[in-house]
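To start, the structure itself, in structure tokens.
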Amino acid sequence: QAQLVESGGGSVQAGKSLRLSCAASGYTYSRYCMGWFRQAPGKEREGVAVIYTGGGSTDYADSVKGRFTISQDNAKNTLYLQMNSLKPEDTAMYYCAAAYSLRGAYCYTGAVIAYQYRGQGTQVTVSS
């Protein structure tokens, strides 16, 4: 059974950085859309970043472009989200999610909130 486990969240001041990790197990890591979405209290879920493990293509939400970087380590079956220049509005629960994709279809931020597999989330809090 597929399992995604996030780590790396925490509380930081604005302008600082955090790196989230998502360890994947229970399925073949290749040819998947993997990504991150977030949800703040009282707000809708927002797709943040996505990567296609079969080719490395990426997609980012406009709100994080230039500040966040998604990457993967295929040998470790691990997904990362490097978050730089954090802002208070980045405060949210961050979730890792994954869905099988033979050719990279649905590997975009608008779809990540509906991916088949998701983790339990890790909290990110940014203070001003």
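Here, residue 1 is the first one in the sequence, and each next residue gets the next number. Everything quoted here is computed from the prediction, not taken from an experiment.
Under the 3.5 Å distance criterion, the side-chain polar atoms of Tyr52 are matched with a main-chain donor or acceptor of Ser101. When atom types are taken as modelled, the side chain of Tyr60 and the backbone of Gly66 share no donor-acceptor pair closer than 3.5 angstrom. In this structure, Thr122 contributes its side chain and Glu6 its backbone to no donor-acceptor pair below 3.5 Å. Proximity of a side-chain donor or acceptor of Thr69 to a complementary backbone N or O of Gln82 within less than 3.5 Å is not detected. Between the side chain of Arg31 and the backbone N or O of Leu102, at least one donor-acceptor pair lies under 3.5 Å.
Atom OG of Ser63 and atom NZ of Lys87 lie 8.5 Å apart (nearest 0.5 Å). Interatomic distance, Gln123 CD to Met93 CE, rounded to the nearest 0.5 Å: 5.0 Å. The structure places OG of Ser127 at 5.0 Å from CD of Gln13, a figure rounded to the nearest 0.5 Å. Taking OG1 of Thr58 as the reference point, atom OH of Tyr108 lies at 16.0 Å (rounded to 0.5 Å). Note that the CG atom of Leu79 and the CG atom of Leu81 stand 7.5 Å from one another [nearest 0.5 Å]. Taken from OG in Ser17 to CZ in Arg67, the straight-line distance is 10.0 Å, to the nearest 0.5 Å.
Using a 4.5 Å cut-off on side-chain heavy atoms (C-beta onward), Met83 and Leu20 make contact. The side-chain heavy atoms of Tyr80 and Thr78, taken from C-beta on, include a pair separated by under 4.5 Å. Residues Phe37 and Arg118 meet the side-chain proximity criterion, which asks for heavy atoms closer than 4.5 Å. The shortest distance between side-chain heavy atoms of Val112 and Trp36 does not fall below 4.5 Å. Taking 4.5 Å as the limit, some side-chain heavy atom of Leu86 sits within range of a side-chain heavy atom of Leu18.
Listed by first then second residue, pairs satisfying disulfide bond (SG atoms under 2.5 Å apart) with a partner in residues 34-101 read Cys22-Cys96, not counting sequence neighbours. Listed by first and then second residue, the salt bridge (charged side-chain N to carboxylate O under 4.0 Å, His left out) pairs that reach into residues 32-41 are Arg38-Glu46, Arg38-Asp90, sequence neighbours excluded. Every pair passing disulfide bond (SG atoms under 2.5 Å apart) that includes a residue from residues 26-81 is listed here, sequence neighbours excluded: Cys33-Cys107.
Tyr115 and Tyr95 fall within the same hydrophobic cluster, defined by Ile, Leu, Val, Met, Phe, Trp and Tyr side-chain heavy atoms under 4.5 Å apart, directly or through other members. Under the 4.5 Å side-chain heavy-atom criterion for grouping Ile, Leu, Val, Met, Phe, Trp and Tyr, Val50 is not connected to Tyr117 through any hydrophobic cluster. Using a 4.5 Å cut-off between side-chain heavy atoms of Ile, Leu, Val, Met, Phe, Trp and Tyr, with links allowed through other members, Val64 and Met34 fall into the same hydrophobic cluster.
Under 3.5 Å, the side chains of Thr109 and Asp59 contain a donor-acceptor pair of N or O atoms.
Closest approach of Asn77 to Asn74, counting heavy atoms only: OD1-O, 3.0 Å.
Ring orientation note: the planes of Tyr94 and Phe68 are tilted relative to one another, at an angle of 30° to 60°.
No more than 12 heavy atoms of other residues, nucleotides or ligands sit less than 6.0 Å from atom OH of Tyr106.
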